[in-house]
Each structure stands twice: as structure tokens, then as C-alpha cells.
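Being a predicted model, the structure only gives us computed values, none of them experimental. The analysis underlying the following values was restricted to heavy atoms, covering all of them including side chains, and did not include hydrogens, waters or symmetry mates.
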Amino acid sequence: MKRTGKKTATDRNFVVALSRGLDVLRAFHPNDGLLGNQEIAARTNLPKPTVSRLTYTLTKLGYLAPVPRFEKYQLTPAAMSLGYAALANLGVRHLSEPFREDVMRATGGAVAVGGRDRHSMIYFGQSRGSETVGVQLDVGSRVPIATSAMGRAYFWALDDADRADLSRLLREHYGSRWPKMRDGLERSGETVAKYGFAISVGDWHDDIGAAGVALRLDDGTGPYAFNCGAPAFRFTEERLINDIGPRLLAMVRNIEAALGGLMPHSKKDVSKKLKSGGKVARVAEGFR
């Protein structure tokens with residue numbers, strides 16, 4: 001996790017202390033259990049003395065509970081209630097559930113819906129059956145935008161300005177790893193332009209193959225994105241393109257109709273972002 005950028009940190013309206021406190025809460029991931037100050041400092045890139053003051057404050061506010069025996073902390077129901085309140089307000093999660101269940105049963109893959117959290121996508125709805133034991137993700141899990149099918153679908157659903165901002169964030173986050181990831185995003189743009197969905201086979205995880213489709217509501221929220229994934233030996237690139245991707249795309253179109261949503265980019269729209277020869281035009285500073 002990166003520290004607050006200089007431009008943001010010098011914004012007079014930006015409260016750095018609040019940002020750092022939220023960074024501490026973000027450091028707790030699903031299935032983590034307990035975290036100590038040193039672990040939190042490593043995840044947030046904040047100095048350990050700063051983390052100690054923040055965990056003390058968050059404990060006093062009731063968002064963290066100390067576990068003295070291990071000199072660590074855990075999230076309290078007060079902290080988790082923030083997430084549950086957000087989930088309760090996401091109508092797309094509830095309405096999409098029967099659609100997700102249908103695709104899960106038809107394909108044998110895990111079907112999820114997620115939204116962006118900085119440089120990752122976070123799951124807020126998941127449909128998983130007995131055939132998807134190889135996909136150990138659940139609500140609250142994160143997948144990277146740059147290499148996952150869900151993240152790539154989200155990336156290409158953004159308008160030019162938002163995509164440029166996200167590109168710069170990803171470049172700063174990944175450093176020397178960014179050029180390779182950028183190339184993968186370029187190829188995914190070509191796939192979205194051609195088929196209407198993104199795929200990832202071994203790009204995020206060696207053993208996972210997945211397709212991803214974005215959705216945007218007409219109330220201005222989102223975009224959100226769906227994926228359908230399974231072990232790569234079952235979801236090969238050929239099957240993703242000829243079967244899984246089209247099924248997922250049809251599912252999202254049906255959800256759009258039910259929600260009254262509107263996709264921001266058609267295949268033709270995405271094609272405009274491609275150069276002749278199939279390469280993505282790097283018109284945004286952050287994408288260079």
C-alpha cells in the first residue's frame with residue numbers, strides 16, 4: 001500500500017490523519033485474524049510509531065480490539081458494520097445473485113461481482129459451487145486490476161480521464177513491474193474490443209482462468225465488474241472466448257436490463273482506443 005501522494009497530502013481539504021487511520025483499517029484482509037503494529041506498518045508503509053498511535057486511537061474509538069496475549073489487534077463489529085452497511089446499499093449485489101447462480105451452475109465456475117478499491121477490485125458478491133474448490137475467494141477478497149479479468153474489464157469501462165488517472169496510480173504502485181502489466185492491459189483492450197469481455201489465463205494466478213465483463217448503472221455509480229473463473233485446466237483460453245465470456249456478457253446485459261443500467265463502452269467505443277495494427281494508443285501520460 002502506497003503512502004499518500006504529495007499532491008493529495010498538500011491539499012488543504014485533505015485530512016492526512018484520517019487517511020492514515022483508514023489505511024490501518026484497510027490493512028486487515030479476509031482471513032487475517034490478528035495483526036500487530038509491525039505487520040500493519042509493513043502493509044501501509046507508515047512508520048511504526050505512527051501506526052502505534054493510530055491503533056491506540058482506533059481502539060479507543062471501538063474499531064479495533066487489542067489482544068494483549070499476542071500484542072496484536074483485530075477488527076471489531078463496529079468496523080465491520082461499515083462494510084455491511086455499504087453492502088446493504090449495493091442493489092446490484094442482490095439483484096445479480098440469481099443471474100450469477102445460473103451462470104455458476106451452467107459453467108461450473110465461480111461468479112463474482114466487485115468494485116474498485118484503489119489498485120484492486122474487491123468482491124462484494126460471490127456465487128461458488130462444489131466444482132469451484134480451486135478458487136478460494138469470497139466476499140471481501142481482492143484481485144489486482146492490472147492482471148485479473150474483472151480488473152481489466154473495469155479498466156476498459158472507464159472514460160479516458162479516469163483511465164489515465166488509474167494508469168498513473170498503477171504505474172506508481174507497481175514500479176518496474178508496470179511495463180509488463182501495461183502490455184497485458186493493452187492486449188486485454190484488444191480482447192474487449194473484439195469480443196466485449198476481458199480474459200485472464202495465468203496472468204494473475206498461474207492456475208486460474210477467468211472472463212470479466214463491466215457494468216455501469218445509469219445513476220452514475222460504478223463501474224462494477226463481474227467475473228467467472230475456475231482452474232485454468234478447465235477454463236482454457238479457447239473455452240473462455242467461445243463459451244464462458246459470451247455467457248458472462250449475456251448475463252451482464254440481462255442485469256443491465258433489470259437495473260436499467262447503461263454500459264459506458266460498446267465494442268465500437270473500445271475499438272476507437274486502438275491503433276491500427278491492434279495496439280492500444282498510449283495517449284494518457286500514465287499509460288506510457
Side-chain angles (χ1 to χ4, degrees), residues 83 86-87 89-97 99-100 103 111-127 137 139-170 173 181 184-200 204 210-229 245-274 280 283-284 286-287:
L87 288 178
N89 288 325
L90 287 170
V92 64
R93 173 176 179 257
H94 301 292
L95 188 143
S96 69
E97 184 173 1
F99 296 91
R100 289 187 275 115
V103 172
V111 184
V113 57
R116 178 185 166 191
D117 181 20
R118 297 189 178 181
H119 47 75
S120 302
M121 300 296 290
I122 185 168
Y123 283 17
F124 57 80
Q126 166 81 304
S127 299
L137 296 172
V139 173
S141 295
R142 287 177 169 82
V143 295
I145 288 175
T147 55
S148 70
M150 175 184 282
R152 289 170 170 178
Y154 171 89
F155 182 87
W156 287 105
L158 297 174
D159 60 31
D160 291 343
D162 288 340
R163 190 168 53 257
D165 288 341
L166 178 53
S167 296
R168 283 189 285 269
L169 175 67
L170 294 175
H173 177 73
M181 293 181 172
L185 276 172
E186 289 182 338
R187 290 191 297 272
S188 73
E190 297 165 13
T191 304
V192 172
K194 185 174 182 180
Y195 300 109
F197 53 83
I199 66 170
S200 174
W204 164 57
V213 177
L215 173 149
R216 189 168 192 170
L217 305 182
D218 59 4
D219 62 2
T221 60
Y224 302 109
F226 292 82
N227 68 5
C228 181
R247 286 180 185 270
L248 191 67
L249 183 61
M251 181 198 81
V252 174
R253 293 293 179 262
N254 288 332
I255 293 172
E256 286 174 358
L259 287 168
L262 177 66
M263 280 295 291
H265 296 304
S266 66
K267 295 181 186 180
K268 183 177 180 181
D269 293 329
V270 176
S271 297
K272 292 178 181 178
K273 306 178 193 305
L274 304 178
V280 175
V283 295
F287 211 69

- Task: Please round to the nearest 0.5 Å and tell me the distance separating atom CZ of Phe155 and atom CE of Met121.
- Result: 12.5 Å
- Message: Would you compute the distance between atom CZ of Phe99 and atom OG of Ser127 and round it to the nearest 0.5 angstrom?
- Response: 12.0 Å
- Query: Okay, side chain of Arg152, backbone of Ile199: is any donor-acceptor separation there less than 3.5 Å?
  - Reply: yes
- Side chain of Asp159, backbone of Asp162: donor and acceptor closer than 3.5 Å? yes
- At their closest point, which heavy atom of Trp156 faces which heavy atom of Ser188, and how far apart are they? NE1-OG, 3.2 Å
- Query: Can you check whether Asn227 reaches Tyr123 side chain to side chain, under 4.5 Å on heavy atoms?
  - Reply: yes
- Pairwise side-chain contact, Phe197 with Leu248, heavy-atom cut-off 4.5 Å (strictly under): no
- Query: Once you round to the nearest 0.5 Å, how far does CG of Leu169 lie from CZ of Arg118?
  - Reply: 8.5 Å
- Donor-acceptor contact present, side-chain Ser200 to main-chain Thr147, <3.5 Å: yes
- Item | Distance-minimising heavy-atom pair for Glu256 and Ala214 | OE2-O, 4.3 Å
- Task: Mind listing the closest non-hydrogen atom pair of Ala198 and Ala149 along with its distance?
- Result: CB-O, 3.8 Å
- Test log, rule side-chain contact (heavy atoms from CB on, under 4.5 Å), inputs Leu249 and Tyr195: CA-CA 9 Å; Leu249 183 61; Tyr195 300 109; over 6 Å; no
- Note on the structure: Minimal heavy-atom distance between Tyr224 and Gly115, with the atoms involved, is CD2-CA, 4.3 Å
- Note on the structure: All heavy atoms of Gly114 vs all of Phe124, minimum pair found to be C-CE2, 3.3 Å
- Message: Once side-chain contact (heavy atoms from CB on, under 4.5 Å) is applied, do any residues pair with Ser96, and if so which ones, sequence neighbours excluded?
- Response: Arg100, Val113, Phe226, Ile255
- Task: Please examine the side chains of Met181 and Leu170, heavy atoms only from C-beta on, and report whether any two atoms are closer than 4.5 Å.
- Result: no
- Message: How close do Leu158 and Arg163 get, counting heavy atoms only, and between which atoms?
- Response: O-NH1, 2.6 Å
- So His119 and His173, would you call those rings parallel, tilted or perpendicular, with 30° and 60° as cut-offs? parallel
